[in-house]
Amino acid sequence: MPPDSAVLDLVSARADYAVAIVVQGVPHPSEGASAVLFFQYAKAIADAGYRVMTIVLAPQGAETTRQLSRYEDAINHASHVVRQIPIRGAVVRPSRFGLQVDGAAIAGVGRVWDDVAPDAIVAFDVGPARCAAGVSGGKRIAWLGDLGFESNWYHYLYGFKEDWMLLRRLPYALAQTAAWKRFYRTALSGFDRLIVASKSSERPLGRLGLAAHFAPYPWPEAKGRIAGPRRGPKEKPRFLFYGHLSGLGSRSALHFLCDRLYPELVAAWGEDGFEIVIGGREPPPAFFAAKIDRLPALSCVGFIEDLDAMMTTVHAVIAPLDVPVGNRSRLLTAMAKGALIVAHENAALGNPMLVAGQTALLARDAAGFARHMRLAAQDPDACAAIIDRAEKAYLEHYAPAAAARALVQAIDEELKIALTPKTATAKTVQGKTE
């Protein structure tokens, strides 16, 4: 069906506006977590008709040059331009005395802004947002992932569980958390709109005087729903946990699994009566590696090349993470692929599309988690409707076509885009990657 005239007029109206995207690292259509969703957002903004410049904060080198070239080719718009600002590490990173910010990155973004004078700037996360905080003119939108002050604090708490000697670092952890909060307040106070990837981030930012609103982020799943026979009720209970393994979500989940959930499962099935497959690109954390020999029902398989095939061999994907922050992309993948999710109810704090008994089986403690796992293994047919609703929720909220469109609409609203093009005032951006 051809687009109607109103849509064509809207695309034409956007062509008079320039949007600068500021991002740390090079977006990629298929590799990396944040890199993938940043690509989806950038592609949607360009496809919508805006003239786009992506300002990439990344190290100098041949690999970055190759990544930038692939990124431009994948966006594939004549009006899309890439500018690189070299950095040595992260734009903002912890230091002995608080946080260290890359001044060269801030100055570089300012120079590009002065050259291009875009109508709007979209900063992907707080480091790039700090680089755009000092520019004048234009609308500013920031998209925020996991909040640094929350990640800093919870990593310390889980580290303390692993080594009580870390109690001596409590003053440093508190000081770092306070420094992150000050940084967020300073970096974001002048922005017109703050979008958070986790629903749980709204309240802590509000306590800092920053009004933020949750929006599902675009998470692609090219293969779609898994096909083929699923594990049946007469087969040995088998479950899958997968993730990065070194991040905060995995760290919390492995603690909950080993310390609280595993004894409940042994009581229900015996040590030889069930299996949990653990997959991830990174090696498991040291505390878990030291325990796994004493937990024979757990098996680490490393990176899972064919996730679809693996999901057909298990009764459910489990997410026993009890950290009350973040919106985990592994659960979006499971929703998209039609795998049953058994998760800690804290997972729904970041992703409100996880609803107990509707799109997932959610538990508040280990005993409830074990009950849900028994249901998944003994009566998978009873969970079929939950799987269907979860897939529908993914398609309506997190599939790229739906989620990326929300950011485009946010830009439209900030710029007050109408169906009649404005008089072009923004400079035409020309050239290629610099």
Side-chain angles (χ1 to χ4, degrees), residues 1 27-48 70-71 74-76 197 215-232 235 238-244 249 277-281 301 303-319 327-343 347-348 350-355 357-362 376 380-408:
M1 179 182 297
H28 194 283
S30 61
E31 295 179 6
S34 58
V36 168
L37 64 95
F38 294 159
F39 172 85
Q40 295 294 333
Y41 276 135
K43 185 76 162 62
I45 296 170
D47 287 347
R70 287 196 295 266
Y71 172 56
I75 293 290
N76 192 27
Y217 57 81
W219 189 249
E221 267 310 322
K223 292 183 180 180
R225 188 162 181 159
I226 54 177
R230 309 294 185 93
R231 197 166 186 85
E235 297 178 89
R238 193 170 194 247
F239 305 91
L240 171 64
F241 172 78
Y242 66 95
H244 198 267
V277 179
I278 298 171
R281 190 179 297 273
V301 298
F303 179 69
I304 301 172
E305 292 287 349
D306 192 339
L307 189 59
D308 291 44
M310 175 62 76
M311 285 184 174
T312 65
T313 72
V314 301
H315 288 103
V317 170
I318 64 170
N327 186 350
R328 308 300 165 187
S329 58
R330 75 197 75 176
L331 296 181
L332 305 182
T333 296
M335 293 170 72
K337 290 185 176 296
L340 178 65
I341 295 172
V342 181
N351 180 359
M353 282 67 190
L354 293 174
V355 180
Q358 296 296 309
T359 58
L361 297 175
L362 303 180
D381 290 342
C383 302
I386 294 176
I387 291 172
D388 291 341
R389 287 190 292 265
E391 182 188 25
K392 185 174 184 288
Y394 163 80
L395 293 172
E396 291 180 350
H397 298 282
Y398 285 100
R405 188 187 308 121
L407 180 57
V408 174

Next on the checklist: What verdict does the side chain to side chain contact (heavy atoms under 4.5 Å, CB included) test give for Lys337 and Thr312, after you've listed the backbone C-alpha separation in whole Å, the side-chain angles of each residue and the deciding distance to 0.1 Å?
Outcome noted: CA-CA 10 Å; Lys337 290 185 176 296; Thr312 65; over 6 Å; no
Checklist entry - What class does the angle between the rings of His315 and Phe239 fall in, given that below 30° is parallel, 30 to 60° is tilted and above 60° is perpendicular? => result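 Rings of His315 and Phe239: tilted, as their planes differ by 30° to 60°.
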Return the minimal non-hydrogen interatomic distance between [X] and [Y], and the atom names on each side.
{"X": "Leu395", "Y": "Ala399", "result": "O-CB, 3.6 Å"}
{"X": "Gly279", "Y": "Val301", "result": "CA-CG2, 4.0 Å"}
{"X": "Asp308", "Y": "Gly224", "result": "OD2-O, 4.1 Å"}
{"X": "Leu354", "Y": "Ala348", "result": "O-CB, 3.3 Å"}
{"X": "Ala404", "Y": "Pro218", "result": "N-CB, 4.0 Å"}
{"X": "His397", "Y": "Ala403", "result": "O-CB, 3.4 Å"}

Checklist entry - Taking Arg389 for the side chain and Thr359 for the main chain, is one N or O donor matched with an acceptor at less than 3.5 Å? => result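 A pair under 3.5 Å: no.
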Quick one: pull up [atom1] in [X] and [atom2] in [Y] and give me the separation to the nearest 0.5 Å.
{"X": "Ile278", "Y": "Leu240", "atom1": "CD1", "atom2": "CG", "result": "9.5 Å"}
{"X": "Ser34", "Y": "Tyr41", "atom1": "OG", "atom2": "OH", "result": "12.0 Å"}
{"X": "His28", "Y": "Phe39", "atom1": "NE2", "atom2": "CZ", "result": "9.0 Å"}
{"X": "Ile386", "Y": "Leu361", "atom1": "CD1", "atom2": "CG", "result": "4.5 Å"}
{"X": "Ile75", "Y": "Asp47", "atom1": "CD1", "atom2": "CG", "result": "7.5 Å"}

Should [X] and [Y] count as side-chain neighbours, where that means a heavy-atom distance under 4.5 Å?
{"X": "Met310", "Y": "Tyr242", "value": "no"}
{"X": "Met311", "Y": "Leu307", "value": "yes"}
{"X": "Arg330", "Y": "Phe241", "value": "yes"}
{"X": "Pro220", "Y": "Val36", "value": "yes"}
{"X": "Arg328", "Y": "Asn351", "value": "no"}
{"X": "Met353", "Y": "Leu332", "value": "no"}
{"X": "Val317", "Y": "Met335", "value": "no"}
{"X": "Trp219", "Y": "Asn327", "value": "no"}

Item to check | Presence of salt bridge, Asp381 and Arg230, under 4.0 angstrom | outcome: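 A salt bridge is absent here (no side-chain N lies under 4.0 Å from a carboxylate O).
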Next on the checklist: Apply salt bridge (Lys or Arg N to Asp or Glu O under 4.0 Å) to residues Asp388 and Arg225 and explain how you reach the verdict.
Outcome noted: CA-CA 10 Å; Asp388 291 341; Arg225 188 162 181 159; 3.0 Å; yes
